Structures are given as C-alpha cells and as structure tokens.
Protein chains: 2
Amino acid sequence: MPKIVDHEERRLRLAEAVWTLTLRDGLEGVTLRKVAVEAGVSMGQVQHYYATREDLVRDAIDRAVRALNARIEASIKAADPASAETMLRECLRAVLARDPESLRLLQLSVAVLGRAIADPAMADVLAPGSGELLDFTAGLIAAARQERGTPARGNGLIDADICWNLATSLGVDAALGQRSPEDALKVLDYHLDNLLG
Amino acid sequence: MPKIVDHEERRLRLAEAVWTLTLRDGLEGVTLRKVAVEAGVSMGQVQHYYATREDLVRDAIDRAVRALNARIEASIKAADPASAETMLRECLRAVLARDPESLRLLQLSVAVLGRAIADPAMADVLAPGSGELLDFTAGLIAAARQERGTPARGNGLIDADICWNLATSLGVDAALGQRSPEDALKVLDYHLDNLLG
DNA sequence: CCTCATGGTCAACGATCTTCGGCATGCGTC
DNA sequence: GACGCATGCCGAAGATCGTTGACCATGAGG
C-alpha cells in the first residue's frame, strides 16, 4: 500500500483556514486559493481533499457547528449536578460566547444562518431546539423550582423553549458585537430569576 | 438635459430581482447575469446602476431590511391605541412572519446575518434593539399591567429587551421553516401572559 | 523489478466580476 | 434648426475564480 496520511488532520487544518477566512472576509470571500495560502498548502491539495468548493465550505461549517455543540455539551457535563439551578444557568450560558473560542464558533454559526435560507440541509445542521433538549431543560426548570420551594406553574416545555430562544438570541447579539457578553448574561439571569422565583 | 429616467424605480426592480434570486439560490448565487435576466434588462444596465456587485447586493439588502422595519412600524400604527396590551402583542407579532410578504422580508434579513459577521456596516443595518424602541415597549408593558390591574415589578427595560429578543428569535425560526408561525405565536403569547399576569 | 493505488501538482477552460471605451438619446443653447 | 454634451446604456478585454483532467512521485505488495 502507498503512503498513508491522516485525512482527518488535513481536513481539520483546511477547515480552520476556512474559519479564519470566513470571519475575516465572509463566506463569499472564501476562495480555494486563499484557503490554500492560509493553510500553507498548494491549491491542488485543497482540491484533492474536497471535490468542490461547496464540499469544502459545507464541511468546515459542519465542523464548526459540531464543535460548538460539543462545547455546550461539555459545559453541561462540567456543571455541578447537585444543583439543578446552577446546571440550568450553566447550560444556557454556554451559548453566550463568553470566551474567545466560543465567540469564534458562535460567529461562524451565525455566518451559516444566511445559507440556511436557500439551503434546507444547512437549516437542519443548526436546529438546536431538539425535543430531548427541551425535555431535559424542562426537567431542570421543575427541579430548580423545587429547590427554591417555588410552586410549579405554566408549561415547562414552553418555558424551556423560551429559555433557549432567548439564550441563542442573546448569543447572536454577542456574536455580532451588538451586545457585550456581560450584558447578555445579565439579561439571561434576569429572565431565570423571574422564571424560577 | 438628456433623457431622464426614474432611478428609484430601476433600482427597486433590480433589488426585487436580487431578493428573488437570494431566496432561491442564496446570496452567493446572485450573479449580475442572473439579476439581469430576472429583471428583464441587460447586464450592462445592471452595471450602470451599481458600480460593483457588492453595491448591488448591499442596496438590495438595505431595502429589504428597511421594508421590513416599515411593515413593523405600520403594524404598530395600525394597532388599537386604546389598549396597551393589544398594541404590545401586535408590535411583537409583526416580526413573526405571519404573512407571505413578511416571511419573504424576514428570510432576506436572516440571509444578511451571515454577512454581518465580516461586515460591521451590515450589523448596523439590522440592530433592532434601538434605545427608543425599548423605552416605548417598556412603557407598553407598564401600561398593559395597569390595564390588567397587575402591580409593577422587575425592570421594564430588560423585560422589553427580552420580549424583542424572543420575538425576533421566533421570527428567525419561522423564517428558517423550523417552526410554524402559529407555534411561534403561541410561544410569544405564553410569554406575554406570564409577563403581564 | 514491476504494479498500481494513494497523495499531490499543474495547466487549461468556462464562468464570473470589473474596467473602459464607445454609441445613442434628447434637453439646453445659440 | 443645429450643435454641445451630459445621461443612459452597451459590449469587449482583462483579471480572478472554480472545475476538470492529465500528469508525476512515492512506496507497499506481487
């Protein structure tokens, strides 16, 4: 068998280059030649790993969204499992772009939103409001109220839905630089105080 | 003076063509040639009214966002001024894409979000959270509570902030087809019931 | 030594955006 | 009425981009 290279490592490096260029020049500004320069490889090599520019961009986007989801899940697992309220707050804070890497991934996700309009497949990639997440969040809300001694009320699933919508909206604002992460956090905490109090 | 044509009418027609193509092929799929065909003019004419492709797309986006804002303001003015609560609900419902034209404009606005990451000027075009709007909304919330006999509580500005973030987030979901306008309306009304009750 | 699959490169092609020079039209002026 | 010229519009050349296909290098197996 001939030379064996780590495809995953190559593709990751190219995806990183696409990320950098996307944040600097926008998705439309991502060209094969610029990606090659940014990644320090020949343009031919870029074409070797991705059949078309569309494949390249799509894979880079996919990796960004998955990396962001992985970070969110990691912060969920890292949260204190003893307190439902801290866990709830930590989960929602994870999409607020409070560290540079999260900000970068969040900005990339926002950059994809535009494509999702004309490309239904992209819309599926995003879609954070999966059923299980809402169930899980609704459970956290109920448990957090119990901790506080607050009586249950309203519809837990809709409450959870609202929480995630608010958090992601605040995250988008932060990604666009229209709102500081601190301000976003303040608004989110305010909402949770009302929800649980 | 030589022949005089209505520049505004020409540009509007070209912008309409850009809108149609954007919703069908995405922003990257908008080419001068396709715009010319869609608008029924020559490519030279497109170039005559816009120096670069960038100018064309930028102006079309700008018009879409302004048209959406105009519709929102119109629905605010059309709301019953006698009841603060109906007015509040009507204002927020205006961004939920409940009619085809609003859906189209909202989808276009979402398509712009991606550009806003690498193009700060675009971010300014969006920015719905202007100070006056929040003040106005906070006033509506307070008045609606008074109508209901609900005592004032919390921070009106943050409440207004949350309302708009929730509404726009639900609108984006609707624009992406991830949520039906009816469901979005249900969630928004649920939040307002909690807020005012 | 030969085979050939894998990794990688390069040049040419069509499509695209941009630039620039040119043509037509019709109001203002003499 | 004729000329001037700014406006509206067109089309071809130049530059850049994505795509295609042929090509070369390497190294494990027969």
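Protein chains get the first letters and strands the later ones, always in sequence-line order, with residue 1 at the start of each. Keep in mind that this is a model prediction, so the values were computed, not measured. Just so you know, these numbers use all the heavy atoms, side chains as well, and skip hydrogens, waters and symmetry mates.
- If you measure from atom CD of B:Q47 to atom P of D:dG14, you get 17 Å, rounded to the nearest angstrom.
- Remark: the backbone N or O of A:A175 is paired with a side-chain donor or acceptor of A:Q107 at under 3.5 angstrom.
- Atom CZ of B:R33 is separated from atom P of C:dA15 by 9 Å (rounded to the nearest Å).
- Seen from the ring of A:Y50, A:R11 counts as a face-on cation partner, given the 6.0 Å and 45° thresholds.
- Residue contacts shown for A:V35 are absent, as no nucleic acid heavy atom lies under 4.0 Å away.
- B:L32 places its CG atom 4 Å from the P atom of C:dC17, with the value rounded to the nearest Å.
- As rounded to whole Å, 14 Å separates atom P of D:dT19 from atom OH of A:Y50.
- Of the inter-residue distances, the one linking B:I61 atom CD1 with B:R115 atom CZ reads 4.5 Å to the nearest 0.5 angstrom.
- Going from atom CD of B:Q45 over to atom P of C:dC23 covers 20 Å, rounded to whole Å.
- Between A:Y49 and C:dG8 there is a side-chain N or O to OP1 or OP2 distance below 4.0 Å.
- Across the protein-nucleic acid pair, A:D55 atom CG and D:dG18 atom C1' stand 12 Å apart, rounded to whole Å.
- In this structure, B:R53 atom CZ and C:dT19 atom P are separated by 14 Å, rounded to whole Å.
- Of the candidate nucleotides C:dC17, D:dC17, C:dT9, C:dC17 has the atom lying nearest to any side-chain atom of B:M43.
- Using a 4.0 Å cut-off between a side-chain N of Lys or Arg and a carboxylate O of Asp or Glu, A:R104 and A:E16 qualify as a salt bridge.
- Distance from the side chain of B:R10 is smallest for D:dC9 among the nucleotides C:dG7, C:dT18, D:dC9.
- The side chain of A:T52 has D:dT19 as its nearest neighbour among D:dT19, C:dC17, D:dG11.
- Rounding to whole angstrom units, NE2 of residue A:H48 and C1' of C:dA5 are separated by 11 Å.
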